[in-house]
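The structure appears right after this line, and notes come after that.
By convention in this document, chain letters (A, B, ...) are assigned in the order of the sequence lines, proteins followed by strands, and residues within each chain are numbered from 1.
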Number of protein chains: 2
Amino acid sequence: MRNAGYTIRTMAERCGMTTHTLRYYERVGLIQPVGRARNGHRRYSETDAVWLNFLHCMRDTNIPIRELQRYAALREQGEVTSLERRKILEDHQSVVATQIEALEKAHAILTHKIENYRKIEEKLGLRGSSEAVETEREEQPVMVMA
Amino acid sequence: MRNAGYTIRTMAERCGMTTHTLRYYERVGLIQPVGRARNGHRRYSETDAVWLNFLHCMRDTNIPIRELQRYAALREQGEVTSLERRKILEDHQSVVATQIEALEKAHAILTHKIENYRKIEEKLGLRGSSEAVETEREEQPVMVMA
DNA sequence: GTACTCCTTGAAGCGCGCTCAAAGTCAATT
DNA sequence: AATTGACTTTGAGCGCGCTTCAAGGAGTAC
């Protein structure tokens, strides 16, 4: 089991990041120094994968790197920092909730505007080039999934 | 006297942007040249407000400025661009849907982790003071060289 | 007049989060 | 030995979306 562990490339693919990003995260302290093979190449562990996936997931929610740095630093100090870490997560969770609201509002507005464009197109007799439903003179009603 | 219209400051407040951003949007073509008072100051109309609110809402969903520029340019060409504009909105709406999913996933993970911290705190009898305990229940790097 | 506030412009600057370049190491293959 | 290719390092560079700067004009108040 001498050379067990994922290469940087494998891990990058697994976590949906680039190798550059993995090194960058290590450099800025989001992940502790990764173990090395004899030739100096990084070897990522399964636990690294879990943590990196978490980071990836959080970054998807626009949490700043700085905040993750704070969190990561506390994490390295053990369970004693539970309260602080929980606070970070709770604060961020409420940010996430706010973002969800904004996105849902935008989604609704988009639905409305898209529908409006459909009406305009009908009025103008426009047809889409690729995706449009064929409407002939004597058309049959067609149910189109949203 | 139809000299009415919002000042840049008023409009900025109304749309949740800064005056700088409003000028920037005009400069890059997100909004057509705004009418001016006799002294050269911008005067925004009610229609501008609607459009700016839409832009603001879309930017909240991380749509790139470039995409909004495309959309704005089409919009200025009239109804004949309906299909293209609809496509832009539909494409972006699916991006928004994806983002909502990611955020909801993150929200769930956060709930889970927060709950976990609560348990840890209960176990440690934490309430703000510190009493070191060694066992990290979460992942902890192992392959550290030195 | 002087001060103050609000506005104007173009250009430069900034923070974020990567992203890339250059030069080098190592292992395997030819 | 030479080449290939995947990795290593450090440090610089980049794209985005503002944001600030610098210099000035116009309008009102005292």
Side-chain angles (χ1 to χ4, degrees), chain A residues 2-31 33-45 48 52 54-72 92 95 99 102, chain B residues 1 3-45 48 52 54-72 92 95 99 102 106 143 145:
Chain A
R2 217 30 221 126
N3 272 343
Y6 303 96
T7 65
I8 192 167
R9 169 152 309 205
T10 311
M11 187 51 101
E13 279 159 11
R14 225 188 127 179
C15 298
M17 308 176 182
T18 67
T19 58
H20 302 293
T21 302
L22 285 184
R23 290 195 204 94
Y24 168 73
Y25 279 8
E26 189 174 338
R27 196 169 39 161
V28 302
L30 283 192
I31 180 168
V34 173
R36 301 298 177 121
R38 219 175 285 159
N39 60 8
H41 294 188
R42 287 173 178 81
R43 288 291 179 271
Y44 290 85
S45 69
D48 290 330
L52 285 167
F54 173 67
L55 290 180
H56 182 69
C57 181
M58 287 303 107
R59 287 292 304 129
D60 271 353
T61 69
N62 306 306
I63 193 173
I65 295 282
R66 241 197 297 272
E67 204 69 355
L68 291 175
Q69 285 172 325
R70 278 216 303 136
Y71 184 80
H92 184 58
V95 172
Q99 287 183 76
Chain B
M1 288 292 286
N3 202 8
Y6 303 96
T7 65
I8 193 168
R9 168 156 306 205
T10 310
M11 188 50 102
E13 279 159 11
R14 228 188 124 179
C15 298
M17 307 175 182
T18 67
T19 57
H20 304 294
T21 303
L22 286 184
R23 289 193 206 96
Y24 168 72
Y25 280 7
E26 188 174 338
R27 185 153 49 96
V28 301
L30 283 192
I31 180 168
Q32 285 186 306
V34 173
R36 301 297 178 122
R38 224 172 279 159
N39 59 9
H41 293 187
R42 287 174 179 79
R43 289 292 178 269
Y44 290 86
S45 70
D48 291 330
L52 286 168
F54 173 67
L55 290 180
H56 182 67
C57 180
M58 287 303 106
R59 286 292 302 129
D60 272 355
T61 69
N62 306 306
I63 194 173
I65 294 282
R66 244 195 306 270
E67 204 69 356
L68 291 176
Q69 286 171 325
R70 277 217 304 138
Y71 184 80
H92 184 59
V95 172
Q99 288 182 74
M143 301 175 54
M145 317 267 297

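- Within the 4.0 angstrom heavy-atom criterion, no nucleotide atom of any strand lies near A:Thr19.
- Using a distance-only test at 3.5 Å, with no hydrogens or angles considered, no donor-acceptor pair links the side chain of A:Asp60 to the main chain of A:Cys57.
- The heavy-atom pair separating B:Arg59 from B:Leu68 by the smallest distance is CD-CD1, 3.7 Å.
- In this structure, CZ of B:Arg42 is placed 4 Å from P of C:dT9, rounded to the nearest angstrom.
- We find that OH of B:Tyr25 is positioned 8 Å from P of D:dG17, with the value rounded to whole Å.
- If you check C:dG17, C:dC6, D:dC7 against the side chain of A:Ile65, the one that comes closest is C:dG17.
- Of the listed nucleotides (C:dC18, D:dC7, D:dG17), D:dC7 has the atom at the smallest distance from the side chain of A:Arg9.
- Residue A:Arg23 contributes atom CZ, which lies 9 Å from atom C1' of D:dT9 at whole-angstrom precision.
- Computed from coordinates, the B:Arg36 CZ to C:dT8 C1' distance equals 8 Å when rounded to whole Å.
- The side chain of B:Arg59 has D:dG17 as its nearest neighbour among D:dG17, C:dC18, C:dC7.
- With salt bridges taken as basic N to acidic carboxylate O contacts below 4.0 Å, none links A:Glu26 and A:Arg23.
- Positionally, the nearest nucleotide of DNA chain D for A:Glu26 lies more toward the 5' end than for the other of B:Asn39 and A:Glu26.
- Rounded to whole angstrom, the span from the CG atom of B:Leu68 across to the C1' atom of D:dG17 amounts to 12 Å.
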One pair to check against side chain to side chain contact (heavy atoms under 4.5 Å, CB included): B:His92 and B:Glu67. What are the steps and the verdict?
CA-CA 9 Å; B:His92 184 59; B:Glu67 204 69 356; 6.0 Å; no

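- Remark: B:Thr21 is in phosphate contact with D:dT19, judged by side-chain N or O atoms under 4.0 Å from OP1 or OP2.
- Rounded to whole Å, atom P of C:dA12 lies 12 Å from atom CZ of B:Arg27.
- OP1 or OP2 of D:dC7 lies within a sub-4.0 Å distance of a side-chain N or O belonging to A:Thr7.
- Between B:Arg38 atom CZ and C:dC7 atom P there is a gap of 18 Å when expressed in whole angstrom units.
- Note: NE2 (B:His20) to C1' (C:dA11) measures 14 Å, nearest angstrom.
- In this structure, B:Tyr44 and B:Ile8 approach most closely via the heavy-atom pair CE1-CA, 3.6 Å.
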